[in-house]
Amino acid sequence: MAHFAKSPVPRFSAEVHQNPYLPEGGREVHAVVTVTATGGGTTGGRPVPASGGRPDAGVVIVVDCSGSMDHPPAKMRGAREATAAALDAVRDGVGFAVVAGTHRAVEVYPGGGKLAVAGADTRARAVEALRALRTGGGTAIGSWLRLTGQLLSRAKGIRHALLLTDGRNEHESPQELRAALDACHGFTCDARGVGTDWEVKEVGAIASALLGTADIVADPAALTADFTRMMEAAMAKGVADVGLRLWTPLGAETVFVRQVAPTVADLTGRRRESGPRSGDYPTGSWGDESRDYHLCVRVPAAGIGQEMLAARVSLIISGSDGDPAGPPPRPLPQALVRAVWTDDVSAFTAVNPQVAHYTGQAELAQAIQQGIDARKSGDTGNAMAKLGRAVQLAGSSGNDETAKLLAKVVDVVDAATGTVRLKTTVAEADEMTLETRSVKTVRVKK
């Protein structure tokens with residue numbers, strides 16, 4: 001059987017946006033680093049001879065088959081149809097598997113702890129196997145993820161999972177799920193909640209820990225389109241395990257590192273030391289795309305006229321491709337963050353537009369989360385204050401999609417001042433959609 005060429009490795013570039021000027025004694029340096037990858041993506045299906053025994057990419061689709069997936073039956077029916085559509089989007093030559101999740105994880109196809117190699121015949125067999133899916137039992141997502149990790153360890157390069165659930169993780173403790181997430185590494189997971197009986201923070205935490213996306217699919221009829229988009233995006237990735245490496249000089253310390261576009265994700269706690277005064281932050285797999293990262297470094301205080309390199313940002317591609325005996329990580333282009341001390345008030349008080357924008361977008365996500373939590377707890381005053389601030393930030397930053405979602409939860413009296421009233425009746429799906437998508441950001445207006 002012919003395999004198909006894996007996507008070419010994209011070319012990376014990094015650009016720093018910052019105001020380097022600090023007042024005398026100033027210490028905190030902020031910068032937004034825009035990382036862009038070009039020249040990756042799919043290869044158009046050019047066949048090449050099979051190589052080794054491990055496919056050059058692997059995907060696993062995890063389908064919740066707990067008893068609640070049959071209430072209503074449209075959920076399980078939609079899950080089968082969506083999984084079949086996603087399998088149709090898997091490129092020939094990619095390793096794949098389907099897992100059914102209840103209070104335990106079961107291999108639906110191909111079985112035997114292996115990945116099938118995608119082709120017309122294996123895809124047809126996998127779709128046939130979906131007919132045997134039956135609902136029943138509970139929900140233990142940690143066990144699903146552990147099996148997924150074991151299966152994907154049999155692939156090289158891009159390793160990706162799609163996970164669908166309709167309920168809360170009731171057959172595992174939060175500690176067991178956290179332990180499973182900590183044990184899972186080397187693959188990305190996009191998580192979806194179907195219906196409205198699942199927990200937004202739980203699904204969001206799974207996607208965040210595994211560097212994927214989270215979203216709600218309130219109507220099971222929309223699952224097929226969503227699964228197809230997710231699988232097409234996974235197939236467009238060209239390189240796995242890209243790290244953001246941050247070097248800081250003696251006496252400096254990293255305050256935080258956050259992804260701020262296309263979504264907000266705090267990477268600070270994921271640092272892995274990579275050398276003297278150097279740490280790596282995982283960013284997952286890449287295709288043709290651009291992402292922004294906001295970093296803050298605290299440097300030693302200095303006097304007027306002094307200048308220093310506050311940080312050096314570089315990108316690292318793991319060269320092992322999942323093989324511990326493989327070559328070391330490969331460095332990519334660097335970007336420099338500077339600190340310059342001045343007594344020019346107009347210089348050190350100016351705020352870089354990108355830094356200001358993404359500071360606001362991070363605050364927007366936080367305000368939505370806090371506002372929804374306050375609303376759920378009955379704290380009306382705090383809910384109006386937080387969601388009002390969110391309306392104000394969404395409007396001023398041009399985040400129109402978030403503004404539309406907010407308008408389904410609050411009545412906007414004055415967007416410019418953030419004056420709102422809580423709606424007396426809010427559809428559960430609307431509130432969950434706002435909460436799930438609160439981390440989505442927009443870029444700086446040109």
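- Taking the six-membered ring where the residue is Trp, the centroids of Tyr21 and Trp341 are separated by 6.0 Å or more.
- Shortest non-hydrogen contact noted between Pro249 and Met308 is CG-CE, 3.4 Å.
- Judged purely by distance below 3.5 Å, without hydrogens or angles, the side chains of Gln392 and Thr417 never pair a donor atom with an acceptor atom.
- Checking side-chain atoms of Thr165 against main-chain N and O of Gly193 turns up no donor-acceptor pair under 3.5 Å.
- Evaluation of the side chain to side chain donor-acceptor pair (under 3.5 Å) rule for Thr36 yields Ser290 as partners, not counting sequence neighbours.
- Applying the side chain to side chain donor-acceptor pair (under 3.5 Å) test to Asp430 and every residue at least two apart in sequence or in another chain returns nothing.
- Annotation: side chain of Thr283 is not in contact with side chain of Gln259 (no heavy-atom distance under 4.5 Å).
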* To do: Decide yes or no on side-chain contact (heavy atoms from CB on, under 4.5 Å) for Val264 and Tyr358, but give the supporting numbers first.
  => CA-CA 9 Å; Val264 176; Tyr358 287 123; over 6 Å; no
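- In terms of modelled atom types and a separation under 3.5 Å, the side chain of Ser208 and the main chain of Gly204 share no donor-acceptor contact.
- Annotation for Cys184 and Leu210: closest pair O-CD2, 3.7 Å, computed over non-hydrogen atoms.
- Listed for the Thr148 side chain is a donor-acceptor partner under 3.5 Å among the backbone atoms of Trp144.
- The side-chain contact (heavy atoms from CB on, under 4.5 Å) test applied to Arg272 returns Pro282, not counting sequence neighbours.
- Considering only heavy atoms from C-beta on, Thr268 stays 4.5 Å or farther from Thr254 through its side chain.
- The shortest side-chain heavy-atom distance between Thr34 and His17 falls under the 4.5 Å cut-off.
- For the pair Arg91 and Ala118, the tightest heavy-atom approach, listed with the atom from each and the gap, is O-CB, 3.3 Å.
- The salt bridge (charged side-chain N to carboxylate O under 4.0 Å, His left out) check on Arg375 picks up Glu431, with sequence neighbours excluded.
- The backbone N or O of Val260 lies less than 3.5 Å from a partner atom in the side chain of Thr441, making a donor-acceptor pair.
- Between Val297 and Val337, the closest side-chain pair of non-hydrogen atoms is not below 4.5 Å.
- By the 4.5 Å heavy-atom criterion applied to side chains, Val62 and Leu164 are not counted as neighbours.
- There is no side-chain donor-acceptor pair under 3.5 Å between Thr359 and Glu363.
- The shortest side-chain heavy-atom distance between Leu295 and Val33 falls under the 4.5 Å cut-off.
- Between the side chain of Asp343 and the main chain of Glu24, no donor-acceptor pair closer than 3.5 Å is present.
- Arg159 places a side-chain N or O within 3.5 Å of a backbone atom of Gly186 that can act as its donor or acceptor partner.
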* Asn19/Val355 under side-chain contact (heavy atoms from CB on, under 4.5 Å): CA gap, chis, key distance, verdict -> CA-CA 9 Å; Asn19 175 12; Val355 172; over 6 Å; no
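- Under the side-chain contact (heavy atoms from CB on, under 4.5 Å) criterion, Asp400 pairs with no residue, sequence neighbours left out.
- Heavy atoms of other residues, nucleotides or ligands lying less than 6.0 angstrom from CZ of Arg421 number 12 at most.
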* **salt bridge (charged side-chain N to carboxylate O under 4.0 Å, His left out) between Arg277 and Glu253, intermediate numbers included** => CA-CA 9 Å; Arg277 302 187 299 280; Glu253 60 179 314; over 6 Å; no
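- Minimum heavy-atom separation, Glu232 to Ala89: CG-CB, 4.2 Å.
- At a threshold of 4.0 Å, the pair Glu401-Arg437 does not count as salt-bridged, since none of the basic side-chain nitrogens sits closer than that to a carboxylate oxygen.
- Side-chain N or O atoms of Asp411 include none that pairs as donor or acceptor with a backbone N or O of Lys423 at under 3.5 Å.
- Shown here are the salt bridge (charged side-chain N to carboxylate O under 4.0 Å, His left out) partners of Arg168, two or more places apart in sequence or in another chain: Glu199.
- A donor-acceptor pair shorter than 3.5 Å cannot be found between the side chains of Thr436 and Asp215.
- For Thr188, the side-chain contact (heavy atoms from CB on, under 4.5 Å) criterion is met by His160, Ser285, not counting sequence neighbours.
- Scanning both residues, Val29 and Ala339, for their nearest heavy atoms gives CG2-CB, 3.9 Å.
- Side chain to side chain, Thr342 and Asp344 fail the donor-acceptor criterion of an N or O pair below 3.5 Å.
- Each of Arg258, His30, His357 was evaluated against His294; a single residue qualifies, His30, per the side chain to side chain donor-acceptor pair (under 3.5 Å) test.
- By the 4.5 Å heavy-atom criterion applied to side chains, Leu434 and Ile368 are counted as neighbours.
- In this view, Ser396 satisfies the side-chain contact (heavy atoms from CB on, under 4.5 Å) rule with no residue, not counting sequence neighbours.
- Val32 is not listed as a side-chain neighbour of Tyr293, based on a closest heavy-atom distance of 4.5 Å or more.
- For Asp288 (side chain) and Gly39 (main-chain N/O), a donor-acceptor pair under 3.5 Å exists by modelled atom type.
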* Could you check Asp280 against Arg271 for salt bridge (charged side-chain N to carboxylate O under 4.0 Å, His left out), going step by step and ending with a plain yes or no? => CA-CA 5 Å; Asp280 292 352; Arg271 178 184 173 106; over 6 Å; no
* Test side-chain contact (heavy atoms from CB on, under 4.5 Å) on Gln370 and Arg389 and set out the steps. => CA-CA 11 Å; Gln370 292 175 341; Arg389 176 59 174 157; over 6 Å; no
* Asked: Could you go step by step and tell me if Val239 and Val242 meet the side-chain contact (heavy atoms from CB on, under 4.5 Å) rule?
  -> CA-CA 7 Å; Val239 60; Val242 178; 3.8 Å; yes
Output a table of donor-acceptor pairs, distance under 3.5 Å, between side-chain atoms of residues 216-223 and any protein atom two or more places apart or on a different chain; print 'none' if there are none.
unit_1: Asp219; atom_1: OD1; unit_2: Ala221; atom_2: N; d: 3.0

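- Here the closest non-hydrogen pair linking Ala31 and Gln18 is CB-CB, 3.8 Å.
- Judged by the 6.0 Å distance and 45° axis criteria, Arg291 is positioned over the aromatic ring of Trp286.
- Residues satisfying the side chain to side chain donor-acceptor pair (under 3.5 Å) test with Gln369, not counting sequence neighbours, are Ser438.
- Between the Glu172 side chain and the Asn169 main chain, no donor and acceptor come within less than 3.5 Å of each other.
- Evaluation of the salt bridge (charged side-chain N to carboxylate O under 4.0 Å, His left out) rule for Glu435 yields Lys201, Lys376 as partners, not counting sequence neighbours.
- At distances below 3.5 Å, not a single donor-acceptor pair connects side-chain atoms of Thr402 with backbone N or O atoms of Asn399.
- Take Lys75 and apply the salt bridge (charged side-chain N to carboxylate O under 4.0 Å, His left out) test, not counting sequence neighbours, and it matches Asp166.
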